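For clarity, every value in this text was computed on a predicted model and none was experimentally measured. Labels below follow one simple rule: chain letters A, B, ... track the order of the sequence lines, proteins then strands, and each chain is numbered from 1. Only this structure's heavy atoms are used, side chains among them; waters, hydrogens and symmetry mates stay out.
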Amino acid sequence: MRIFDSRAKEKVEFKPIKDNEVRIYVCGPTVYDDAHLGHARSAIAFDILRRTLKALGYRVLFMKNFTDIDDKIIKKMQDSGKSLKEITKYYIQRYLEDMDALGVQRADIEPKATENIDAMIAMIEKLLEKDCAYKIPNGDIYFDTSKDEKYCSLSKKCDEEQLSRIEPNPHKKNPADFALWKACKEKDYCFDAPFGKGRPGWHIECSAMINRHLAYHDMPYQIDIHAGGADLFFPHHENEAAQTRCATSQELAKYWMHNGFVTISGEKMSKSLGNSFFIKDALRVYDGEVLRFYLLSTHYRSPLNFNEEDLLQAKKRLDKLYRLKKRIYPIQNTPKANEFQKAILEALSDDLNISKALAVMDNFIAQANENLDQNPKDKALKKEIASNIASLTEIIGIGGKDPFSYFQQGIDEETKQKIEELIQRRSEAKKAKDFTKADAIRQELLDMGIALMDTPQGTLWEKI
RNA sequence: GGCGCCAUAGCCAAGUGGCUAAGGCAGGAGCCUGCAAAGCUCUGAUCCCCGGUUCGAAUCCGGGUGGCGCCUCCA
């Protein structure tokens, strides 16, 4: 496995810290609003990383956090009159629903910031003790970046001119210093701590939770891979790395991975630009797996410009997989470590080269269709095809649904019955060689958005 | 202003020093079909521009042009 390490800025050979085990931490969402397509893309990208590593034989421990205490949540709390817990519980639930719909596997560990305040306090105390942090007059506690010799070794983005753009604070010792703890203010949401009532800054949670739930404590690195959106590279990840280094004398992660953005009309999707596209809204129109497939079909580090036409193109490609699955119905099988799986894994082993993997898939589909044309009743062949589809489901998370319902998404029972009836009538007309009538019925269905296909298995239909 | 990324056929998208530049969508031709659909086969680009390095570059270097991102909450 080769991955692009953001710190090295190049592809490097992946070697786990210990044996065959891989520990991965992905920065999860701040739960003050519904998740948008950017969250979806990040989640899917690292879901495939996880699945690939598993398929390659690694034991993977995967952790993704929920930031459930933060300025924006507090603002929402103040504006809505709801409790912090009510708000965060609601959005965590909705996030998980979205991820399920997108076929993103649940993390092994899903810690919440508010349930790990003690770990953060312990780490801050350690930093104070080591003189890597200091308190300013209003009670805030800052991390002293000058105490970390390796500050900026991750992002390499910290020359003085850049740091001069950071909002000046006369109490900070260095421009890049950042808040570990924010002293309690009026109408705030606070926790008790030995160094004063307050709440954690944003960066400390990841370091503290990794240290508690996921880290090796007897190795130079705490975890294997730390991943997240490209916007987190600096300052978030730089700061996390610095804290952990100072508090534990270990490096936080051996490898760092960052995914590219989803853009809309070429611009980054973000709340402040008002161009976010919520996953929930997309799911009202498109099947979750279609959305997943679309978002995963561009390499994870490239920007992906969201576009409905491209999404529909992607759907047509996925349709072909499900049509093949229809042809072998109802035969199923489990994944096999055959040439096909090997080729998929080989593609993904090159920094998740999904395009190459999908090209392997397309070739397989074409070959399988041809073989089925020649040997429509070959059960061993069908078993083999089923096994390959199962590999795709396991590694890429596609093709796992029932192929008939995949093509009938969003059609209610009543309509289904009507369709079946019309198909029946058309069959009778065909039998009577009344092709005019048969074609009229087919046209009627087409006007309803239903395409028919006469196959050896009978007349099948798909929603267009 | 600093740092960084990107530019490949109508569209999406791999490839990053060397046989005929993957794959998908759309288009065209054919096979199949009562006709279709689906499926299968065939079919398209010298890689933003200029200069350089090299026996050889889409691929490396320099300079342009265009687009984007980070440096502020952000996947």
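A22(B): no Watson-Crick or G-U partner with both key distances under 3.5 Å is found in any strand. Nucleotide G27(B) has U43(B) as its partner under the Watson-Crick or G-U criteria, with both atom distances under 3.5 Å. In a base pair of the Watson-Crick type (N1 to N3 plus N6-O4 or O6-N4) or a G-U wobble (N1-O2 and O6-N3), with each distance short of 3.5 Å, C68(B) is matched with G4(B). Shown here, A58(B) forms no base pair; nothing in the strands shown gives a Watson-Crick or G-U wobble contact with both key distances under 3.5 Å. Pairing for U16(B) is absent, judged as Watson-Crick or G-U wobble with the two contacts each under 3.5 Å. In this structure, C73(B) makes no Watson-Crick or G-U wobble pair, since no nucleotide meets both defining distances under 3.5 angstrom. Base-pair partner of U33(B): not found among the strands shown (Watson-Crick or G-U wobble, both distances under 3.5 Å).
Annotation for E346(A): atom CD does not count as buried by contact number, only 12 or fewer foreign heavy atoms lying within 6.0 Å. Atom CD of Q409(A) is surrounded by more than 12 heavy atoms from other residues, nucleotides or ligands within 6.0 Å.
Donor-acceptor pairing under 3.5 Å, judged by distance alone, is present between the side chain of D454(A) and the base of C35(B). At a cut-off of 3.5 angstrom, the base of A75(B) holds no donor-acceptor pair with the side chain of R41(A).
Within the 4.0 Å cut-off from OP1 or OP2 of C70(B), at least one side-chain nitrogen or oxygen of K268(A) is found. Under 4.0 angstrom from either OP1 or OP2 of A14(B) there lies no side-chain N or O belonging to N353(A). At the phosphate of C5(B), neither OP1 nor OP2 sits under 4.0 Å from any side-chain N or O atom of R301(A). Remark: T455(A) is not in phosphate contact with A38(B), judged by side-chain N or O atoms under 4.0 Å from OP1 or OP2. Phosphate contact (OP1/OP2 of A37(B), side-chain N/O of T459(A), threshold under 4.0 Å): absent.
C19(B) and G2(B) are spaced 45 Å apart, taking the C1' atom of each and rounding to whole Å. Nucleotides G17(B) and C6(B) place their P atoms 14 Å apart, quoted to the nearest Å. Nucleotides U65(B) and A26(B) place their P atoms 39 Å apart, quoted to the nearest Å. U53(B) and A45(B) are spaced 30 Å apart, taking the P atom of each and rounding to whole Å. G56(B) and C68(B) are spaced 33 Å apart, taking the C1' atom of each and rounding to whole Å. Separation of the P atoms belonging to G51(B) and A38(B) is 47 Å when rounded to the nearest angstrom. For the P atoms, the distance linking G63(B) with G15(B) amounts to 25 Å, nearest Å. Between C49(B) and G10(B), the two P atoms lie 14 Å apart (nearest whole Å).
Among the atoms of the strands shown, base atoms are found under 4.0 Å from some heavy atom of H36(A). Residue contacts shown for N259(A) include a base, since a base heavy atom lies under 4.0 Å away. Across all strands, G229(A) comes closer than 4.0 Å only to sugar-phosphate atoms, never to a base (heavy-atom distances). The residue M269(A) sits close to a base: some heavy atom pair falls under 4.0 Å. At the heavy-atom level, T263(A) lies nowhere under 4.0 Å from the strands shown. Looking at heavy-atom distances under 4.0 Å, L232(A) makes contact with sugar-phosphate atoms alone, never a base. Residue contacts shown for F233(A) are absent, as no nucleic acid heavy atom lies under 4.0 Å away. The residue V26(A) sits apart from the nucleic acid: no heavy atom pair falls under 4.0 Å.
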Under 3.5 Å between N/O atoms: give me all the protein pairs with nucleotides 23-25 of chain B, atom names plus distance.
from: G23(B); atom 1: O2'; to: R317(A); atom 2: NH2; distance (Å): 3.0
from: G23(B); atom 1: O2'; to: D362(A); atom 2: OD2; distance (Å): 2.2
from: G24(B); atom 1: O4'; to: R317(A); atom 2: NE; distance (Å): 3.3
from: G24(B); atom 1: N2; to: Q313(A); atom 2: OE1; distance (Å): 2.6
from: C25(B); atom 1: OP1; to: K320(A); atom 2: NZ; distance (Å): 3.2

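Ring geometry, F178(A) versus H203(A): the interplanar angle exceeds 60°, so the pair is classed perpendicular (tilted spans 30 to 60°). By the 30° and 60° cut-offs, the orientation of the rings of H226(A) relative to Y25(A) is tilted. Using cut-offs of 30° and 60° on the angle between ring planes, the pair Y95(A) and H39(A) is perpendicular.
Between the NZ atom of K157(A) and the C1' atom of U72(B) there is a distance of 13 Å, given to the nearest Å. Between I441(A) atom CD1 and C35(B) atom C1' the separation is 14 Å, expressed in whole Å. When the C1' atom of A37(B) is taken as reference, atom CG of D439(A) falls 12 Å away, rounded to whole Å. Regarding L348(A), its CG atom lies at a distance of 13 Å from the P atom of A14(B), rounded to whole Å. As a whole-Å value, the separation of D373(A) CG from U41(B) P is 9 Å. I264(A) places its CD1 atom 15 Å from the P atom of A75(B), with the value rounded to the nearest Å. Atom CE of M99(A) is separated from atom P of A75(B) by 11 Å (rounded to the nearest Å). At whole-Å resolution of the value, CD in E370(A) and C1' in A38(B) are 15 Å apart.
Under 3.5 Å, the side chains of Y151(A) and N174(A) contain no donor-acceptor pair of N or O atoms. In this model, a donor atom of one side chain and an acceptor atom of the other lie less than 3.5 Å apart for S155(A) and E238(A). Judged purely by distance below 3.5 Å, without hydrogens or angles, the side chains of N259(A) and R41(A) never pair a donor atom with an acceptor atom.
Using modelled atom types, one side-chain atom of R292(A) and one backbone atom of G103(A) make a donor-acceptor pair closer than 3.5 Å.
Set against A37(B), C71(B), A75(B), the side chain of F234(A) has C71(B) as its closest nucleotide. Taking every side-chain heavy atom of K430(A) into account, G34(B) is the closest of C12(B), G34(B), A75(B). Of the candidate nucleotides A38(B), A14(B), C73(B), C73(B) has the atom nearest to the side chain of K72(A).
Under a 4.0 Å N-O distance rule, the pair K320(A)/D362(A) does not qualify as a salt bridge.
Positionally, the nearest nucleotide of RNA chain B for Y294(A) lies more toward the 5' end than for the other of Y294(A) and N369(A).
On the SG-SG cut-off of under 2.5 Å, C27(A) and C206(A) do not qualify.
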